[in-house]
Amino acid sequence: MAQSLIAKSATKTSVKAHLSGSKLVVVPHCTVTRKGRFTVTERRVAASVASPMKEAWAANLHGPTQEVLRADLPALISSEEIRALEAELDAGAGVESLRRFNKALRALPADKWEAVLRPVFNELCFNLESFNPAFAACLLQVQRTIGVSDYVRRDLALKNLIQPLAGEYGMHNGQPQLKTHRELFSDFFASLFGYPLSDLLADSPPPAAAQRLYGEMMRDILGGGGHDGPLAQASYALGYNLAIEYLADYEKTWMLDSFRDLNARVCARDVDWVFLEVHAEGEAEHAAIGHSAVLNLVPREHVPLLRQAMADHDRDFAAFYNALAGMMEAAH
């Protein structure tokens with residue numbers, strides 16, 4: 001039976017999560033479920049099983065094995081250390097920018113919501129796709145540790161990382177290939193606005209805020225945060241990837257709730273919610289997968305690199321959503 005839960009973080013955020021057919025996914029050293037959304041001490045994720053017409057997530061979380069934890073290898077970061085870094089994101093600029101964005105979205109005036117949202121969707125369209133090369137860059141940085149990192153550690157980190165990237169293209173464990181997330185976004189846009197996304201893109205200017213964030217992400221990931229050596233750059237990339245996924249769970253869950261509110265209050269359209277539902281249901285699992293990837297490869301001495309990477313993305317992500325919030329606030 002579907003449930004509507006009010007879930008509060010350990011710090012500031014309060015959003016609705018819509019769950020159906022939950023099952024627990026166990027991450028090594030921490031249990032996860034969406035009922036206790038983003039709590040620092042008990043990070044939980046629910047694997048919502050969507051209908052056959054959507055995505056039925058079957059997440060495989062590959063935690064450290066005995067081979068990974070061999071005593072002759074450098075000590076790895078602990079799950080507790082990662083959760084402490086995630087808690088810094090809970091109280092960071094990114095979450096605050098999402099609060100501002102969603103407040104502005106919910107306050108859009110009924111007489112001009114469409115005109116105000118057109119440039120916002122132009123930015124969101126580019127932003128959505130820009131994360132794919134960012135994820136690919138993170139994979140590349142881990143793969144580049146060949147000959148430097150341990151064979152099994154590297155393999156298990158990559159085995160985790162490939163799943164969310166494949167999911168962007170509709171590929172999931174045990175399923176035929178479904179719609180890509182670009183297709184789902186197009187469906188969402190067309191159902192809300194009443195015309196194809198291609199019409200918006202054809203007559204819109206370059207999305208400056210999204211392009212800026214994309215450039216910053218690729219600069220930081222491919223540059224390894226300014227650090228030398230393949231393993232240090234991979235550790236930075238894994239921290240950056242985790243920050244993307246962790247904030248995306250806030251982003252899409254909150255956005256789903258705000259757009260539903262806007263539609264009920266103003267738009268009254270027959271909206272195709274699959275794009276936002278898939279992300280609201282899946283991003284927490286992506287964050288758990290990113291968490292597991294870090295556990296398999298990042299040495300304990302690289303905790304400062306993880307913190308830097310997560311803070312770098314939090315800063316630039318916040319700038320993007322503050323820019324979008326500003327677009328909507330100007331119309332009030």
Side-chain angles (χ1 to χ4, degrees), residues 82 85-86 89 92-95 97-98 122-145 154 157-171 180-185 206-227 230 232-252 255 275 278-279 282-294 297-298 302 305-324:
I82 300 172
L85 296 176
E86 291 170 342
L89 292 178
V95 170
S97 72
L98 289 172
N122 184 43
E123 295 281 354
L124 289 174
C125 181
F126 187 98
N127 176 250
L128 170 68
E129 189 169 357
S130 73
F131 282 107
N132 290 0
F135 293 142
C138 291
L139 277 161
L140 175 63
Q141 291 289 51
V142 173
Q143 187 65 78
R144 287 182 62 247
T145 66
R154 181 174 64 255
L158 290 166
K159 196 172 183 178
N160 281 296
L161 287 176
I162 194 62
Q163 294 180 80
L165 179 57
E168 290 290 322
Y169 300 96
M171 301 175 69
T180 70
H181 288 185
R182 256 62 45 212
E183 290 175 292
L184 295 179
F185 182 80
Q211 289 180 338
R212 186 180 311 113
L213 175 57
Y214 171 57
E216 290 161 344
M217 289 194 297
M218 298 306 289
R219 175 202 66 202
D220 289 345
I221 298 169
L222 292 176
H227 297 282
Q233 293 185 350
S235 293
Y236 178 92
L238 284 168
Y240 205 101
N241 176 79
L242 180 56
I244 290 175
E245 300 289 22
Y246 193 87
L247 288 173
D249 197 2
Y250 274 103
E251 175 190 22
K252 295 304 193 300
M255 194 180 290
F275 168 76
V278 162
H279 285 81
E283 294 294 1
E285 288 150 357
H286 290 185
I289 290 170
H291 186 117
S292 192
V294 171
L297 189 68
V298 177
H302 285 178
L305 276 66
L306 284 184
R307 175 175 283 109
Q308 177 196 342
M310 295 170 80
D312 285 347
H313 181 61
D314 188 53
R315 175 198 64 219
D316 297 332
F317 177 89
F320 173 71
Y321 268 101
N322 279 323
L324 269 56

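Values below: all heavy atoms of this structure, side chains included; hydrogens, waters and symmetry mates excluded.
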Please lay out, stage by stage, how Glu245 and Ile289 fare under the test side chain to side chain contact (heavy atoms under 4.5 Å, CB included).
-> CA-CA 9 Å; Glu245 300 289 22; Ile289 290 170; over 6 Å; no
Can you name the closest pair of heavy atoms from Pro206 and Asn122 and give their distance?
-> C-ND2, 4.3 Å
Mind checking the CG-CG spacing from Leu247 to Leu242? Nearest 0.5 Å is all I need.
-> 9.0 Å
Test side chain to side chain contact (heavy atoms under 4.5 Å, CB included) applied to Phe317 and Ile244, step by step = CA-CA 9 Å; Phe317 177 89; Ile244 290 175; over 6 Å; no
Compare every heavy atom of Leu297 with every heavy atom of Ala157, then report the nearest pair and how far apart it is.
-> CB-CB, 4.1 Å
Measure centre to centre between the rings of Phe185 and His181, then say whether the value is under 6.0 Å.
-> no
Listing, residues 136-143 side-chain donor-acceptor contacts under 3.5 Å, not counting sequence neighbours, or none:
| residue | atom | partner | partner atom | Å |
| --- | --- | --- | --- | --- |
| Gln141 | OE1 | Arg144 | NH1 | 2.7 |
| Gln141 | NE2 | Ile221 | O | 2.8 |
| Gln141 | NE2 | Leu222 | O | 3.4 |

How long is the gap from CG on Leu128 to CZ on Phe275, to the nearest 0.5 Å?
-> 4.5 Å
Listed by chain and number, what are the salt bridge (charged side-chain N to carboxylate O under 4.0 Å, His left out) partners of Glu183, not counting sequence neighbours?
-> none
OG1 of Thr145 to CD of Gln233, rounded to nearest 0.5 Å, is 11.0 Å
Got a sec, which pairs hit salt bridge (charged side-chain N to carboxylate O under 4.0 Å, His left out) with one end in residues 159-170, sequence neighbours left out?
-> Glu168-Arg182
CG on Asn127 to CE on Met217, rounded to 0.5 Å | 6.5 Å
Assign the ring pair Phe131 / His313 to parallel, tilted or perpendicular, where the plane angle (0 to 90°) is split at 30° and 60°.
-> perpendicular
For Arg315, which residues count as a salt bridge (charged side-chain N to carboxylate O under 4.0 Å, His left out) partner, sequence neighbours excluded?
-> Asp220, Asp312
Crowded around Glu216 CD? As in, over 12 foreign heavy atoms under 6.0 Å?
-> yes
What heavy-atom pair brings Gly94 and Ser97 nearest, and what distance separates the two atoms?
-> O-OG, 2.7 Å
With side chain to side chain contact (heavy atoms under 4.5 Å, CB included) as the test, would you mind laying out the steps for Leu305 and Val298 before giving the verdict?
-> CA-CA 10 Å; Leu305 276 66; Val298 177; over 6 Å; no
Kindly list each side-chain donor-acceptor pair under 3.5 angstrom involving residues 207-214, sequence neighbours excluded, with atom names and distances?
none

Distance, nearest 0.5 Å, that separates CZ of Phe135 from CD of Gln163 = 13.0 Å
Derivation of the side chain to side chain contact (heavy atoms under 4.5 Å, CB included) call for Met310 and Tyr246 | CA-CA 10 Å; Met310 295 170 80; Tyr246 193 87; 5.8 Å; no
Residues in salt bridge (charged side-chain N to carboxylate O under 4.0 Å, His left out) contact with Arg154, at least two apart in sequence or another chain | none
Check: Ala93 main-chain N/O paired with Asp314 side-chain donor or acceptor under 3.5 Å | yes
Atom CD of Glu86 and atom CG of Leu306: how far apart are they, to the nearest 0.5 Å?
-> 10.0 Å
